[in-house]
Amino acid sequence: MTAQDRLDQLFAYLRFASISTDRAYAGQVRDCANFLIGKFGSMGLLPELHETPGHPVVVARSRPREGRPTVLIYGHYDVQPVDPVDLWTSPPFEPVIRNGVIYARGATDNKGQNLAHILGVEQTLAEEGDLPVNVIFLIEGEEEIGSKHLAPFLTAHRDALACDVVAVSDTGMIGPGIPTLTYGLRGIACLEFIVRGPAFDLHSGIYGGGVANPAMVACQLVSGLRDAVSGKILVEGFCDRVRELQDWERSTWKRLPDGDEALLEQTGVPALFGEAGFDSYERRWARPTVEINGMGSGYQGEGSKTVIGKEAMVKISCRLVPDQDPEEILQQVADHLRKHCPPSVRLEVAPGHTGMHYLMDPFSTHGQAAQNALRSTFGSEPMLIREGGSIPIIRGFKDILGVDTLMLGLALPDCMAHAPDENFPVANFEAGLRLNRALLKELAK
Ligand code: BES
Ligand code: ZN
């Protein structure tokens, strides 16, 4: 298969608008799962489409051989919504290459990265007629909405999914060409709250000053979650279980490229913000945070409208670190909001999805194999990092299947995951194939 054939396949995969969060796209999510089924079948693997109460799970396995380790390669075929869609340079589901970089929703998160593994296996099978290990692909359609149905799926198929280790490319590289092994991820706890005030929208001149404004109250409640100067989270008990960095991590991270400088450059912010006493790596990878992901109230259109919206909505996610418990955190945040909510409005808090943090030992036998594969693929010493994002099922692999997950990221810091102009360099896609082949060889040793 030529490099152009591989790109054609990636483009076909990227054309599915497999947005898992929005019911309107359920058909495209399913079509995308069926595309994978066809792909796995054509490679000579044994594909299975499994229904769940949500989107389907795709499993495909090589013909198992006795005496070989089994590697489960995990990925997700669902993607995030595309809005604000007018900020895309080209339409999100019409992939294009500009300057050696593929632009499309899902290019980096996660279709480009998981297809690299699929095509790596296909290439090995085509050239060598066999694989060095038994392979099980598990590609799900609900990662971007918290993988709610995948943990029960693992439990129900524990024997069929038994493996020695899991490999995932759904994280980042610290910089272009720098091999990176991620050995930790943050957990997550999401919630949404609504502040309800008057029975209907009010004229803000006639009524303003006489009743509480739900949007103002929502802002006050949110600003009470974290100190604006010190960056400390003010929710009672929130940080009680935060574990300190290990000594080796502190010294290893010191040798990474300057994280503060890189962050300023990557994001374009005028100055950094975060918890006093911690650098950017620690703030993003090893400290918890609470963020607004969406909010709405009042008039959002052009020009002005003097109105007091009858309600205000805020979507919040907390990123969590060892040893915080997402359910406990949700309770603490909800209690905090209720405690500080004035009697002039009604507050409704709706807990959302959660996921546990993950931490593994990058110096374990499997960790060393991953490091070797990264070193031989990219030709330099791998960087060992944690990341701030979450992949909830990775903890499930440990708790349910009893195995560690090797996170060999291929995304670059400017890949614009979850944002307009998401992108993935062709070079990283191709490196992903080589990485897959090197990894399976290393894990066979
Ligand atoms: N690929 C990301 C996770 C990620 C990104 C890990 C960058 C490390 C570095 C994944 O697709 C993702 O976005 N996960 C969600 C999970 C959530 C919706 C439960 C996330 O982190 O927001
Ligand atoms: Zn994502």
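Just so you know, ligand 1 is whichever comes first in the structure, and atom 1 is the first atom listed for that ligand.
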Would you please determine whether G355 falls within less than 4.0 Å of ligand 1 on a heavy-atom basis?
no
Touching ligand 1 at all, T171? Heavy atoms, strictly under 4.0 Å?
yes
State whether [X] contributes an N/O/S atom found under 2.8 Å from the Zn ion (ligand 2).
X	value
H418	yes
E144	yes
D170	no

When you look for heavy atoms under 4.0 Å from ligand 1, do you find them on the side chain of C190, its backbone, both, or neither?
neither
Answer yes or no: is there an ion pair linking E311 with R346, defined by an N-O contact shorter than 4.0 Å?
no
Check E94 with R15, please: is the shortest side-chain N to carboxylate O separation under 4.0 Å?
no
[X] side chain to [Y] side chain, donor-acceptor N/O pair below 3.5 angstrom:
X	Y	answer
Y74	E140	yes
N134	S62	no
N372	Q368	no
T124	R437	yes
K441	S376	no

Closest to [atom] (judged by heavy-atom distance), picking from [options]:
atom	options	result
atom 15 (C) of ligand 1	A417, S20, S390	S390
atom 20 (C) of ligand 1	H76, M407, R319, R386	R319
atom 4 (C) of ligand 1	L185, D170, T182, D109	D170

So, of the N/O/S atoms that D109 has, which is the nearest one to the Zn ion (ligand 2)?
OD2
To check your reading of the model: name the closest protein heavy atom to [atom], its residue, and the distance in Å.
atom	result
atom 10 (C) of ligand 1	E143 OE2, 3.1 Å
atom 7 (C) of ligand 1	E387 OE1, 4.3 Å
atom 19 (C) of ligand 1	H353 CE1, 3.4 Å

Counting both backbone and side chain atoms, is some N or O of E144 under 3.5 Å from an N or O of ligand 1?
yes
Should R98 and D421 count as side-chain neighbours, where that means a heavy-atom distance under 4.5 Å?
yes
Decide side-chain hydrogen bond (donor to acceptor under 3.5 Å, both in side chains) for D109 and H76; before the verdict, give the C-alpha distance in whole Å, the side-chain angles of both, and the deciding distance to 0.1 Å.
CA-CA 8 Å; D109 185 7; H76 60 95; 3.0 Å; yes
